[in-house]
Amino acid sequence: MSVDQTTVAKIASLARIKMSEDELARMAPELSQILDWVEQLGEVDTSEVEPMTAVIPNSLRLRADEVDADPLTGGNRRDDVLANAPAAEHGFFGVPKVIE
Amino acid sequence: MMSTYRIQGATGEWEVVIGLEVHAQVTSNAKLFSGSSTAFGAEPNTQVSLIDAAMPGMLPVPNRECIRQAVRTGMAIEAQINAWSRFDRKNYFYADLPQGYQISQLYHPLVGEGSLTIEADEKAGIGEDKVIGIERIHVEQDAGKLMHDQHPTMSYVDLNRCGVALMEIVSRPDMRSPAEAGAYLRKLRTILRYVGSCDGNMEEGSMRADVNVSVRKPGEEFGTRTETKNVNSVRFVMQAIEHEARRQVDLIEDGGTVVQETRLFDPNSGTTRSMRSKEDAHDYRYFPDPDLLPLELDEDFLAECRASLPELPDAKRRRYVEELGLSDYNARELTAEVETFARFETLLAATARGIGKGEKDVATQVANWSLSVAPGVMNALGDEANPAHATAEAQAAILAMQAGGEISGGQAKEIFEIVLRTGREPGEIAESEGLKQVSDTGAIEAAIDEILAKNADKVEEYRGGKDKLFGFFVGQTMKAMQGKANPAVVNQLLKAKLG
């Protein structure tokens, strides 16, 4: 499967990644090669094989409906959450104005 | 009679086809995949965990209660429950969602095909009960909130809502008028509130609808639809449909074509306008979320969901009519809101117990009291009424006295008024304020004897066949008793004496 430069530009734009023409030109064959490599898997007949969702047999765990029971997965840590924000004001993240 | 809502165009009549996608916030303490709180109105970003902020390395673990509530909702609309479902990533890049994707369920939703019934409503042009199909319910994350008006060059982001569980409830395109869409939304809201899976509070955004509208000539193929996003009241949904259908008809008749697009409703003008022009806005590149195994529900889990369902609106309404003997109107009014039927059922049980009768024997009296008499007295009193005094005990005591003939309907109202003002006990009020009917036959008989003696000529006329005079004797007797005689007893005694 080959990916052309227009497709790469579209993917980059959807992911909000800015790429120069040079980068796009270099990326197109690289992505194509990766896809070709993965596509080799299509040569194997898997029509009789159940799709595998995990390497070891396991089932999805569910959590109890408890607030802040574990500090690692709970809220009430605004300073930590905002610590890496390029701009934080009055407890909000500040981002360049986006309005439709 | 069929529903025949039609839009008059220059080229004839048009039919509108409506489907609704309702986003309902699941009632839970914690978010769908993290332990942070869902409470409304907290300080910005105080209810955000490292998971909600999408810090690298954090893994989502679903909240059992959110899954349970979505399953119970599915059961309430008699839907197929998928014991095996899966989460997918819906990729989009926007500041209200730090993950860069919403965890949703595209390919294998938790709940499959179901339906609900909207009731006939002549006034709204809904001729008969109608079943509206529901295609699916899936579970997904809500996004954060952006504020654009707080800073000249920046938008402020509050992620408190980010990651709260939503049910997306997708109807079939089965509705054919704004009224049907309104009835569907109201019915869905009632069911959600009965089940307890969503508080249905549209003002706080707990329930919002995406409205899909297309038009066609009756009997022809579906036209191209538009989707009006995030409409947050029943009235606005109806307005949006009306406006959008009209716009599409005018557009087509003027030689244009309807474009499949996302539109925005403006509540101030009641109109819709195009929202997204970028053609790649819908390129969500869904794929199964590798952070989450498939969701598999066992028999015990499903059995508990089913067992914990309450009596649902349709069943309750039927029972009120068939078992309690209430009118269709009363049954519908009493079952529309959870608070209303809860108050009614408490009062009904207390009244029946108070006079040692079955619920059926007092149901109509209690229904009329709950729906019209009590609210009437409360409204008339306004600020003078203390609603805290309107306990079930007090009202049951009044209703029991009335049912037993001790007090009249008018006296019941007067006593309730005093209860609302003062919180005094109804029996004591009746006693000390003299608000009681006289059923003592001795006293009434004495009054009747005196009246008959004084009006011997009229007694002759009555006995001679002038039946109408009976009313005169009743009136005179009531007057002599200062309006406090039990009318049933007066009638009975007069009939006997005039014989």
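All values below were derived from every heavy atom in this structure, side-chain atoms included, with hydrogens, water molecules and symmetry-related copies excluded. Below, read A as the first sequence line, B as the second, and so on, with proteins coming before strands; counting in each chain starts at 1.
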Inset, instruction - Compare every heavy atom of B:Met55 with every heavy atom of A:Val81, then report the nearest pair and how far apart it is. - result: O-CE, 3.9 Å

Inset, instruction - Describe, in one word, how the ring planes of B:Tyr156 and A:Phe92 are oriented to each other, choosing from parallel (under 30°), tilted (30 to 60°) and perpendicular (over 60°). - result: parallel

Inset, instruction - For residues 57-70 of chain B, pull every pair meeting side-chain hydrogen bond (donor to acceptor under 3.5 Å, both in side chains), keeping only residues two or more places apart or in separate chains. - result: A:Asp65-B:Asn63, B:Glu65-B:Arg68, B:Glu65-B:Gln69, B:Arg68-B:Glu304, B:Arg68-B:Ser308, B:Gln69-B:Arg72

Inset, instruction - Of all the heavy-atom pairs spanning A:Leu72 and B:Met58, show the shortest one and how long it is. - result: O-CE, 3.4 Å

Legend entry - Under the side-chain contact (heavy atoms from CB on, under 4.5 Å) test, residues paired with B:Ser269 that sit two or more places apart: B:Asp266, B:Thr271

Legend entry - Which of A:Asp68, A:Asp79, A:Val67 touches chain B most, by non-hydrogen pairs under 4.5 Å: A:Val67

Legend entry - Heavy atoms of other groups near B:Lys145 NZ, more than 12 under 6.0 Å: no

Legend entry - Per-residue contact mode, A:Ala88 against chain B (heavy atom under 4.5 angstrom): neither

Inset, instruction - Please determine, among B:Thr153, B:Ile67, B:Asp158, the option with the most heavy-atom pairs under 4.5 Å with chain A. - result: B:Thr153

Inset, instruction - Compare every heavy atom of A:Lys97 with every heavy atom of B:His148, then report the nearest pair and how far apart it is. - result: O-NZ, 2.5 Å

Legend entry - Expected output: side-chain B:Asn45 to main-chain A:Arg78 donor-acceptor under 3.5 Å: no

Inset, instruction - Output the distance between atom NE2 (B:His151) and atom NE2 (A:His90), rounded to the nearest 0.5 Å. - result: 7.5 Å

Legend entry - Option in B:Ala39, B:Cys66, B:Ala53, B:Pro294 with maximal non-hydrogen atom pairs under 4.5 Å from chain A: B:Pro294

Inset, instruction - Heavy atoms only, distances under 4.5 angstrom: which of B:Ser155, B:Ser36, B:Pro288 has the most pairs with chain A? Name it, please. - result: B:Ser155

Legend entry - Backbone of B:Ser49 reached by a side-chain donor or acceptor of A:Arg77 within 3.5 Å: no

Legend entry - Minimum-distance pair of heavy atoms, taken over all atoms of A:Glu66 and B:Ala30: O-CB, 3.7 Å

Inset, instruction - Side chain from CB out, backbone as N, CA, C, O: work out which of these in B:Gln150 comes under 4.5 Å of a heavy atom of chain A, or both, or neither. - result: neither

Inset, instruction - Answer yes or no: does atom CD of A:Gln40 have more than 12 heavy-atom neighbours from other residues, nucleotides or ligands under 6.0 Å? - result: yes

Inset, instruction - Using a cut-off of under 4.5 Å on heavy-atom pairs, state which of B:Leu159, B:Leu50, B:Ile51 scores highest against chain A. - result: B:Leu50

Legend entry - A:Leu60 CG to B:Leu297 CG distance, which is reported to the nearest 0.5 Å: 9.5 Å

Legend entry - Distance (rounded to the nearest 0.5 Å) between B:Glu296 CD and A:Leu62 CG: 11.0 Å

Inset, instruction - Measure distances from B:Pro98 to the heavy atoms of chain A and classify the residue's part below 4.5 Å as side chain, backbone, both or neither. - result: neither

Legend entry - B:Trp84 atom CH2: more than 12 heavy-atom contacts under 6.0 Å: yes

Legend entry - Separation between CG of B:Leu32 and CZ of A:Arg63, rounded to the nearest 0.5 Å: 9.5 Å

